[in-house]
Amino acid sequence: MIQRTIWCLILLIGLAIVLSACGGASSSNSANAVNLTVTTTEFKFDPATITVAPGQTVNLTVNNKGSIEHTWVLKAANVKITVQPGKSETKTFTAPPTPGTYPIDCDIAGHKEAGMTGQLIVK
């Protein structure tokens with residue numbers, strides 16, 4: 001009887017170990033996060049085009065090398081980063097889950113019209 005109880009305990013412990021190894025899986029791509037840097041100058045993003053995987057976690061740093069405030073806006077992921085001149089800001093977001101090309105712009109009056117645009121390519 002004692003031997004049977006010991007075997008049952010060993011089996012339960014083994015099962016608990018297997019289940020804990022399977023748990024904790026997540027649908028996000030945080031393990032495959034990408035670190036990106038975009039530099040802004042007067043009315044330009046560099047690089048203007050960024051490519052990521054669907055649903056990928058993106059750690060984006062925006063460096064403002066210009067002399068006025070700029071924003072980096074990706075409406076498709078509800079992301080807005082505002083950066084003062086000479087400063088940097090970092091934000092983490094999840095790329096859209098659907099492949100496609102998504103517009104990026106600076107939403108300060110006149111900046112988009114002056115050419116401060118880009119795109120996020122999800123593929």
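Since the structure is predicted, the reported quantities are computational estimates derived from the model, not experimental observations.
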Would Cys106 and Phe45 satisfy side chain to side chain contact (heavy atoms under 4.5 Å, CB included), going step by step from the backbone distance to the final call?
-> CA-CA 9 Å; Cys106 178; Phe45 293 123; 4.2 Å; yes
Taking side chain as C-beta onward, heavy atoms only, is Asn63 less than 4.5 Å from Thr37? yes
Between Ala53 and Ala95 the two heavy atoms that sit nearest each other are O-CB, 3.6 Å
Note, Lys75 side chain near Pro103 side chain (heavy atom, < 4.5 Å): no
If you look only at distance, which donor and acceptor atoms sit under 3.5 Å apart when one is on a side chain in residues 109-122 and the other is two or more places apart or in another chain?
| from | atom 1 | to | atom 2 | distance (Å) |
| --- | --- | --- | --- | --- |
| His111 | ND1 | His70 | ND1 | 3.2 |
| Glu113 | OE1 | Gly110 | N | 3.2 |
| Gln119 | NE2 | Thr49 | OG1 | 3.4 |

Closest heavy-atom pair, Ala77 versus Phe93, reported as atoms and distance to 0.1 Å, is CB-CD1, 4.1 Å
Give the cluster check for Ile104 versus Ile108: same hydrophobic cluster or not, with ILVMFWY residues linked at side-chain heavy-atom distances below 4.5 Å.
-> no
In terms of heavy-atom contacts, Leu36 and Val34 come closest through CD2-CG2, 3.8 Å
Residues passing the salt bridge (Lys or Arg N to Asp or Glu O under 4.0 Å) test with Asp107, sequence neighbours excluded, are Lys80
inquiry  = For a side chain to side chain contact (heavy atoms under 4.5 Å, CB included) check, start with the C-alpha distance between Thr82 and Glu69, then their side-chain angles and the critical distance, and finish with the verdict.
reply    = CA-CA 7 Å; Thr82 302; Glu69 179 182 83; 3.5 Å; yes
Does the pair Lys91 and Val79 meet the rule for a side chain to side chain contact (heavy atoms under 4.5 Å, CB included), with working shown?
CA-CA 8 Å; Lys91 188 164 194 170; Val79 177; 4.1 Å; yes
Taking every heavy atom of Ile81 against every heavy atom of Glu89, the minimum-distance pair comes out as CG2-CB, 3.6 Å
Next on the checklist: Take a 6.0 Å sphere around NZ of Lys44 and say whether it holds more than 12 heavy atoms from other residues, nucleotides or ligands.
Outcome noted: no
**Message:** Looking at Asn32, is its backbone amide N or carbonyl O close enough to the side chain of Gln56 to form a donor-acceptor pair, meaning the two atoms are under 3.5 Å apart?
**Reply:** yes
When rounded to the nearest 0.5 Å, the distance separating NZ of Lys87 from OG1 of Thr40 is 13.5 Å
Sorted by chain and residue number, the ring pair (Phe, Tyr, Trp, His ring centres under 6.0 Å) partners of Tyr102 (sequence neighbours excluded) come out as none
Practice item. Begin from the C-alpha positions of Trp72 and Val83 and carry the test side chain to side chain contact (heavy atoms under 4.5 Å, CB included) through to its verdict. Key: CA-CA 8 Å; Trp72 188 95; Val83 189; over 6 Å; no
- Check whether the side chains of Asp46 and Thr39 place a donor and an acceptor atom closer than 3.5 Å, and report yes or no. no
Paired with Asn35, the side chain to side chain donor-acceptor pair (under 3.5 Å) test is passed by just one of Thr61, Asn59, Thr92, namely Asn59
